[in-house]
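First up is the structure itself, then whatever we jot down about it.
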Protein chains: 2
Amino acid sequence: MESFKLFLKSIVPLSDQEFEKYSPYFKTRTLARNSYFAEIGKTSHEAAFIKKGLLRTYYINEKSEEVTSCFCAENNLTASYKSFISQLPSELSIQAVEDTELITISYNDLQILYQKSALWQNIGRSIAERQYMVMEQYASVLCNESAKEKYMRMLEEQPAVINKASVNDIASYLGITRRTLSRIRKEITQ
Amino acid sequence: MESFKLFLKSIVPLSDQEFEKYSPYFKTRTLARNSYFAEIGKTSHEAAFIKKGLLRTYYINEKSEEVTSCFCAENNLTASYKSFISQLPSELSIQAVEDTELITISYNDLQILYQKSALWQNIGRSIAERQYMVMEQYASVLCNESAKEKYMRMLEEQPAVINKASVNDIASYLGITRRTLSRIRKEITQ
DNA sequence: CAGCAAAAAGGACAAATGTCCTCGAATTTA
DNA sequence: TAAATTCGAGGACATTTGTCCTTTTTGCTG
């Protein structure tokens, strides 16, 4: 739980006692490689902090292709947010790229925390704001760069993902084809 | 204020009395065409609901080009969120595309609302969640569709913006060049 | 309303990226 | 461990998009 505590402390002021008080609401759980944390069509009742491992979020587009929209690594949060927030069926699947350890909270327990304490209201809002800013960065930067620029940025910012994820998934995450990614990789190694 | 009340009601349950109670914290203000609601380098002390008009958000990239990251139309919120939330200098400018009427709240007043009431904590969190989901949608679309698909989607989802904004700004919003946009427009009219 | 400036359209060519395919290496499964 | 399957690299060509430029249109100002 230590890493999760540090994560929360990086977002809001939080004493160790306060953390201890609420930690029973959080469960630890492992997810084997290739198994799912969320699935398309099923309502997502949990959000998670990733203690160790890597998760991939994807959806299916109109051409029935998997499109990877996110890689979530250690010390980050993950959830099918739309489904979790609205408690409606998920449009996303979240799958473990490697064996992964999670710290989770259920939707119901989170609502209890929100009712119990202004602190958690604050944490909830700050996390939503944070996720928004991360997504804004992703959107505005990634979408105005060339294939090569996007790959170079990923190499810089998410080197671990490059090593663990498949070429297919990395390409769809960057919005390019496998062929283009292969060309870029060749170019770089020279 | 009526449209703003309806907007809030679409996000959280809210009685008319509750709305009246807090409405003094909100100010109405107009913004002339081409003038700024937020400017790069200046800390943004206000967030706004757009009663009427259209705003364009942009930043300057490494090549010193304006990149339009967002068009915000009537009945939506706008802010240089990162700057507003963190109270640090803005990386974005927000400019009126046409004469615009805003309903604004200051950072300080919003903090007061958060302290005063769990309702506003809830509204704040729900809005952050909502903005996140909008941004997520924008990101995945922009990165995985062709120039023509992106333009067609914009025609469908934001027809008013197409009519009001310049070709330059629409192109940079879609992450394509003017030339490509011109080609697509010609193709469509045939 | 003429003249000017800014914005938009579009021609010609170059570069980037996609499509479809094959081949060999790596990984899984019987 | 052998066979089967998946995965990644890359060739050949097509298509899309970008760059640089000129021409046309639009809108503003005196």
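Across the protein-nucleic acid pair, Asn168(B) atom CG and dA6(C) atom C1' stand 11 Å apart, rounded to whole Å. The CZ-P distance, from Arg185(B) to dA8(C), rounds to 8 Å in whole Å. Regarding Arg178(B), its CZ atom lies at a distance of 14 Å from the P atom of dA6(C), rounded to whole Å. Straight-line distance from the CZ atom of Arg179(B) to the C1' atom of dG11(C): 7 Å, rounded to whole Å. Atom CD of Glu65(A) and atom C1' of dG18(C) are 12 Å apart (whole Å). The CD atom of Glu149(A) sits 17 Å away from the P atom of dA15(C) (whole-angstrom rounding).
Note: Tyr36(B) and Tyr58(B) have perpendicular aromatic rings, judged against thresholds of 30 and 60 degrees for the angle between ring planes. Using cut-offs of 30° and 60° on the angle between ring planes, the pair Tyr22(B) and Trp120(B) is perpendicular. In this structure, Phe84(B) and Tyr107(B) have perpendicular ring planes: the angle between them is above 60°, well past the 30° mark. Under the 30°/60° scheme for interplanar angles, the aromatic rings of Tyr173(B) and Phe71(B) are found to stand perpendicular.
Within the 4.0 Å cut-off from OP1 or OP2 of dT28(C), at least one side-chain nitrogen or oxygen of Arg33(A) is found.
For dG18(C), the base has a donor-acceptor partner in the side chain of Arg183(A) [N/O atoms by modelled type, under 3.5 angstrom].
Here CD1 of Ile127(A) is found 10.5 Å from CZ of Arg125(B). Values are rounded to the nearest 0.5 Å. Within the model, atoms NZ of Lys148(A) and OG of Ser146(A) stand 8.0 Å from one another, a figure rounded to the nearest 0.5 Å.
Applying the salt bridge (Lys or Arg N to Asp or Glu O under 4.0 Å) test between Asp169(A) and each of Arg56(A), Lys164(A), Arg178(A) identifies Arg56(A) as the sole match.
Axis angle across the helix from dC1(C)-dG30(D) to dA30(C)-dT1(D), with five pairs used at each end and values rounded to 10°: 50°.
Linking ILVMFWY residues whenever their side-chain heavy atoms come closer than 4.5 Å, directly or via other members, leaves Val67(B) and Val167(B) in distinct clusters.
Residue Ile176(B) is in sugar-phosphate contact alone, with no base atom involved, counting any heavy-atom pair closer than 4.0 Å across all strands shown.
Looking at Lys63(A) and Glu149(B), a side-chain N of the basic residue comes within less than 4.0 Å of a carboxylate O on the acidic one, giving a salt bridge.
You can see that DNA chain D meets the heavy atoms of chain A within a 4.0 Å-exclusive cut from dG8(D) to dA12(D), reading 5' to 3'.
Nearest to the side chain of Ala147(A), among dA9(C), dG10(C), dT17(C), sits dT17(C).
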